[in-house]
Structures are given as structure tokens and as C-alpha cells.
Number of protein chains: 2
Amino acid sequence: MTLSEENYLKAIFNLEEQTHKSVPTNAIAEMMETKASSATDMVKRLSEKELLKYKPYQGTRLTPKGKSHAVKVIRKHRLWETFLVENLDFSWDEVHEVAEQLEHIQSDKLIHQLDKFLGYPKTDPHGDPIPDEEGNIAKIKKKVLAELQQEDEGICVGVDDSSSAFLKYLDKLDISLGNKIKVIEKEAFDNSMVIQVEENTISISSLASKNIYVRKTS
Amino acid sequence: MTLSEENYLKAIFNLEEQTHKSVPTNAIAEMMETKASSATDMVKRLSEKELLKYKPYQGTRLTPKGKSHAVKVIRKHRLWETFLVENLDFSWDEVHEVAEQLEHIQSDKLIHQLDKFLGYPKTDPHGDPIPDEEGNIAKIKKKVLAELQQEDEGICVGVDDSSSAFLKYLDKLDISLGNKIKVIEKEAFDNSMVIQVEENTISISSLASKNIYVRKTS
DNA sequence: CTTAATTTTTAGACAAATCTAAAAATTTGT
DNA sequence: ACAAATTTTTAGATTTGTCTAAAAATTAAG
């Protein structure tokens with residue numbers, strides 16, 4: 001399994017998760033930041049290896065074998081992200097690029113021991129669940145912050161938009177995973193809200209509140 | 001800089017360290033477990049990038065730029081080995097293969113933070129010095145155990161042969177880095193010796209004692 | 001000091017992963 | 001339902017890193 005094949009597999013897995021439909025070649029190309037012709041070539045190769053089913057012009061779906069491989073890569077990615085944040089003082093927005101490289105290291109023992117070293121974490125620094133050794137991914141009950149009503153309380157459990165810009169913005173606002181959030185006021189006009197994060201009271205836009213996931217606690 | 005280029009650079013660096021002469025193409029090919037023609041091709045490419053000086057039929061020498069790059073890779077390799085042994089319970093003989101992969105991860109911050117996390121170690125699990133951020137490699141005063149005389153004492157500071165077989169053998173004998181070793185008896189006939197390692201008294205062959213480095217303490 | 005052995009290089013081929021440009025299939029709009 | 005727009009595939013080229021086989025240079029031996 002080459003680096004590039006693994007990256008395609010991961011991209012296709014994510015796209016299939018979003019739509020639960022067969023994945024169009026163009027969508028793959030876009031996610032991989034490459035040309036449709038390159039995506040076609042790769043999809044054919046992965047199809048020969050039985051990691052996915054591909055019908056020309058009909059898009060692709062991962063086979064169980066392909067899915068299992070993709071999940072392993074995601075497990076590695078999320079464990080490494082956790083290590084970087086917990087032990088090497090990386091911030092949320094810095095981890096992705098490095099984890100993209102580390103996720104391709106091949107060693108079952110390494111990843112098993114890393115998991116143990118980290119204390120078998122359930123989620124990564126963005127709140128996304130870390131698949132277990134068998135490839136099971138826990139479903140995390142979450143709502144977008146925007147859905148909460150005045151007086152509602154919740155715990156920050158993740159973000160939807162993992163872009164560096166958004167994560168830096170959250171850092172500035174001192175919002176991080178595990179924080180207690182209470183809705184003080186909702187503004188009907190522009191859907192902005194005033195919230196209390198731990199001890200601080202701040203105002204955030206509708207766009208921001210739609211990208212923050214919480215587990216409701218009241 | 002591709003993965004393969006980095007591996008060649010590292011190989012050439014090590015060969016140049018051993019002989020302090022210009023490195024023959026065949027030696028490179030042998031170390032890389034590839035064919036001479038492949039080594040020629042690569043050496044030409046690295047020469048164009050000014051990482052080494054290459055004269056057809058005359059062998060190659062790294063430029064300062066090439067040397068500096070090779071040392072960075074070695075620094076990463078040795079830091080990762082230290083991490084694997086210290087934090088993930090790998091044994092000496094298991095680390096090499098994984099470190100060969102990890103050494104190619106590109107991130108200055110990662111390696112800086114890893115160094116800090118490990119407490120700025122001076123040597124890796126085999127006793128080899130870890131280059132500092134500027135690329136300086138500390139010289140470690142060491143002798144082969146075989147050179148010690150009866151009654152001499154030393155501390156185990158490294159091994160010459162890092163093969164899995166030899167390292168496993170040392171593990172079985174309970175010899176590891178930092179152990180106090182005392183020569184009880186030298187056998188002139190076959191150059192084997194009886195030594196005391198910490199509390200245990202054992203007998204080792206000439207071959208083994210020539211592959212263990214010690215810092216003499218008496 | 002020539003010939004033989006060895007080392008090294010060149011030439012040509014191949015696989016992986018990509019690209020551009022053009023052809024083919026599918027979907028959409030009227 | 002037919003032409004237009006879009007999506008997808010094919011064909012052919014390129015780069016990286018490798019190989020084999022043959023040629024060229026160097027070194028060793030009688």
C-alpha cells in the first residue's frame with residue numbers, strides 16, 4: 001500500500017461517510033487537489049486491489065477491505081494528533097499537517113504502544129472519535145451550538161470546520177475541548193449569540209456557532 | 001528532498017565517516033541494497049542539487065550542505081529511537097525499522113518539541129550521540145570491551161554491531177547501556193573473557209567483546 | 001606493458017503517480 | 001427527445017526511482 005493509495009482511500013472514506021452514496025470521480029479529485037484523470041487512474045488501481053468497487057461513470061464505493069484500511073489510517077492520524085497536543089505542546093491548528101505524515105508510518109506495535117502511552121484516549125483534539133484496534137468508531141452524541149436555546153448548557157466536544165483560521169479564532173476566544181458553555185442570549189436578528197465559556201462571557205457569530213459541537217448537559 | 005534522496009545521503013555520510021575517503025559507487029549500492037547503476041543515477045541527481053561532489057569513476061564526497069542534511073536525518077532517527085525505547089517500551093533491537101520511517105517526517109517544530117519532551121538526551125539507546133540542533137555531534141570516548149585488561153572496569157556506552165541478532169543476544173545476557181562492566185578474566189587462547197555485568201558474572205566470546213563499547217572508569 | 005578482472009557508467013525499459021488535451025458518456029434544459 | 005453542458009475516461013507525455021545488459025574506464029596480474 002503506497003502513501004498515495006492510502007490518501008485516496010481516506011478521502012473516499014470521508015466522502016462516503018458524508019453522503020452515504022457512491023462517490024463521484026470529481027469529488028475525489030477535488031478532495032485530493034488533483035485532476036479527474038488522475039483520480040480515475042488511481043480508482044482503477046484500487047479497484048484491482050479490491051479495496052473498492054468502481055463502475056465507469058457510476059462512481060466508487062469502498063469494499064469492507066478498503067474501509068478497514070481507511071479506518072486504520074484515521075486511527076493513526078487521530079492518535080498522533082492527540083500525542084502532538086498532549087505531549088509536544090502543539091495547538092489544535094498545528095497538528096493536522098504533521099499528522100498527515102505520521103499517519104503513514106507502518107508499525108502495528110508502534111500504534112498499539114502509542115495508544116497505551118496516551119491512556120487509550122476516546123477522541124482526538126478536535127473531538128473526533130478515535131477508532132479502536134478492531135476499527136469500531138464510537139458515535140459521539142453532539143449538536144451544533146447554534147441549536148441550543150437561551151439558558152441551555154453544554155460541553156464543547158468538537159468542531160466541524162477544522163481550518164487553521166477557525167481553530168486559531170477559537171484559541172483566541174479561549175474555547176477548547178471540554179469547556180462548559182452556557183447560552184446567555186440569542187439574537188434573532190443575525191443569529192449571533194452571547195455565551196459563557198467557563199468564566200468568560202463572549203459574543204459569537206452565527207457562522208461560528210454552527211461550527212462548534214456540544215453535548216447538551218441541561 | 002525525497003525519501004530516497006535522504007536515505008542515500010545518510011548512507012554516504014556513514015560511509016564517509018568510516019573511511020574519510022571519497023565513497024565508491026559500489027559501496028553506496030551495497031549499503032542501499034540496490035544496483036550500482038541505480039546508485040550512479042542517484043549520485044548524479046544529488047550532485048546537481050549540490051549535496052555532493054561527484055567525479056565519474058572517482059567516487060563521491062558530501063558537500064557541507066549534504067552533510068548538514070544527513071546529520072539532520074540522523075538527529076531525527078536517534079531522537080525517535082530514544083522515544084520508542086523510553087516511552088513506548090520498544091527494545092533496542094526493535095527500534096531501527098520504525099525509526100527508519102519516522103526519520104523522514106518533515107517538521108522542525110516536531111523534532112524540537114520531541115527533543116524537549118525527551119529531556120534533551122545526549123545519546124540514543126545504542127549509545128550513539130544525538131546531533132544537536134546546529135548539527136554538532138559530540139565525540140564519545142569509547143573503547144571496545146575486548147581492549148580492557150583483567151580487573152579493568154568500564155561503563156557500557158554503545159555497540160558497534162546493531163544487528164537484531166546481536167542486540168537480542170545482549171538482552172538475554174542482561175547487558176544494556178549504562179551497565180557497569182568489570183573484567184574478571186581474559187582467556188589468551190580464544191580471547192574470550194569472563195566479565196561481571198552489574199551483579200551477574202558471565203562469559204562472552206571475543207566476537208561479542210569486540211562489538212561492545214565501554215568508557216573505562218579504572 | 002598488455003591482457004584480464006573489476007568497477008562504473010550508459011542506454012533503454014518499466015512501474016507509480018501525475019499532467020494535458022481530446023474523446024466518450026451522462027445529465028440537463030428547453 | 002435532442003442539443004448543450006457537464007462529468008468522466010482515454011491516450012499520450014513526464015518525473016522518480018529502479019532494473020538489466022552492454023559498453024567504457026580503471027585496476028590488477030603476469
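Not measured: the values here are computed from a predicted model. Below, chain A is the first sequence line, B the second, and so on; all start at residue 1.
Between B:N7 atom CG and D:dT16 atom C1' there is a gap of 14 Å when expressed in whole angstrom units. A straight line from CE of A:M1 to P of C:dA16 spans 12 Å, rounded to a whole angstrom. Rounded to an integer number of Å, the gap from B:M32 CE to D:dC19 C1' is 15 Å. Atom CD of A:E48 and atom P of C:dA16 are 9 Å apart (whole Å). When rounded to the nearest whole Å, the span between CG of B:D41 and C1' of D:dC19 equals 10 Å. Rounded to an integer number of Å, the gap from B:K49 NZ to D:dT16 C1' is 10 Å. A straight line from CG of A:N26 to C1' of D:dT9 spans 11 Å, rounded to a whole angstrom. Atom CE in A:M42 sits about 10 Å away from atom P in C:dA16, given to the nearest Å.
Interface remark: the B:S37 side chain does not form any donor-acceptor pair with the C:dT8 base, using a distance-only criterion of under 3.5 Å. No N or O donor and acceptor, one from the side chain of A:T25 and one from the base of D:dT9, sit under 3.5 Å apart.
Listed in residue order, the members of residues 12-23 of chain A having a heavy atom less than 4.0 Å from DNA chain C come to none.
B:D115 and B:R75 are joined by a salt bridge, as a carboxylate oxygen and a charged side-chain nitrogen come within less than 4.0 angstrom of each other. A salt bridge links B:E5 to B:K49: one of the charged nitrogens lies within less than 4.0 Å of a carboxylate oxygen. The pair A:E103-A:K10 meets the salt-bridge criterion, since a charged nitrogen lies less than 4.0 angstrom from a carboxylate oxygen.
No hydrogens or angles considered: nothing links the side chains of B:D124 and B:H77 as a donor-acceptor pair under 3.5 Å. In this model, a donor atom of one side chain and an acceptor atom of the other lie less than 3.5 Å apart for B:E100 and B:H96.
Nucleic acid contact class of A:S4 (heavy atoms, under 4.0 Å, all strands): sugar-phosphate only.
Judged by the 6.0 Å distance and 45° axis criteria, B:K67 is not positioned over the aromatic ring of B:F13. Taking the ring centre of B:F90 as origin, the terminal cationic atom of A:K109 falls inside the region bounded by 6.0 Å and 45° from the ring axis.
The side chain of A:R45 contributes no N or O atom lying less than 4.0 Å from OP1 or OP2 of C:dA16. Between B:S38 and D:dC19 there is a side-chain N or O to OP1 or OP2 distance below 4.0 Å. A close approach under 4.0 Å does not occur between any side-chain nitrogen or oxygen of A:Y54 and OP1 or OP2 of D:dT8. For the OP1/OP2 pair of D:dT18 and a distance below 4.0 Å, the side-chain nitrogens and oxygens of B:K35 include no atom meeting the criterion. For A:T40 and D:dT10, the shortest distance from a side-chain N or O to OP1 or OP2 is not below 4.0 Å.
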Can you name the atoms? Protein N/O to nucleotides 22-27 of chain C N/O, anything below 3.5 Å, with the distance.
{"unit_1": "C:dA25", "atom_1": "O4'", "unit_2": "A:Y57", "atom_2": "OH", "d": "3.3"}

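Note on ring orientation: taking the six-membered ring where Trp is involved, the planes of B:W92 and B:H126 are tilted (angle from 30° to 60°). Ring-plane geometry between B:F117 and A:F83 is classed as perpendicular, the angle between the planes exceeding 60 degrees on a 0 to 90 degree scale with a lower cut at 30.
Listed nucleotides: D:dG17, C:dA17, C:dT10. Nearest to the side chain of B:K44: C:dT10. Residue B:E5 has its side chain nearest to D:dG17 when only D:dT18, D:dG17, C:dT18 are considered.
With values rounded to the nearest 0.5 angstrom, A:I204 atom CD1 is found 7.0 Å from A:I181 atom CD1.
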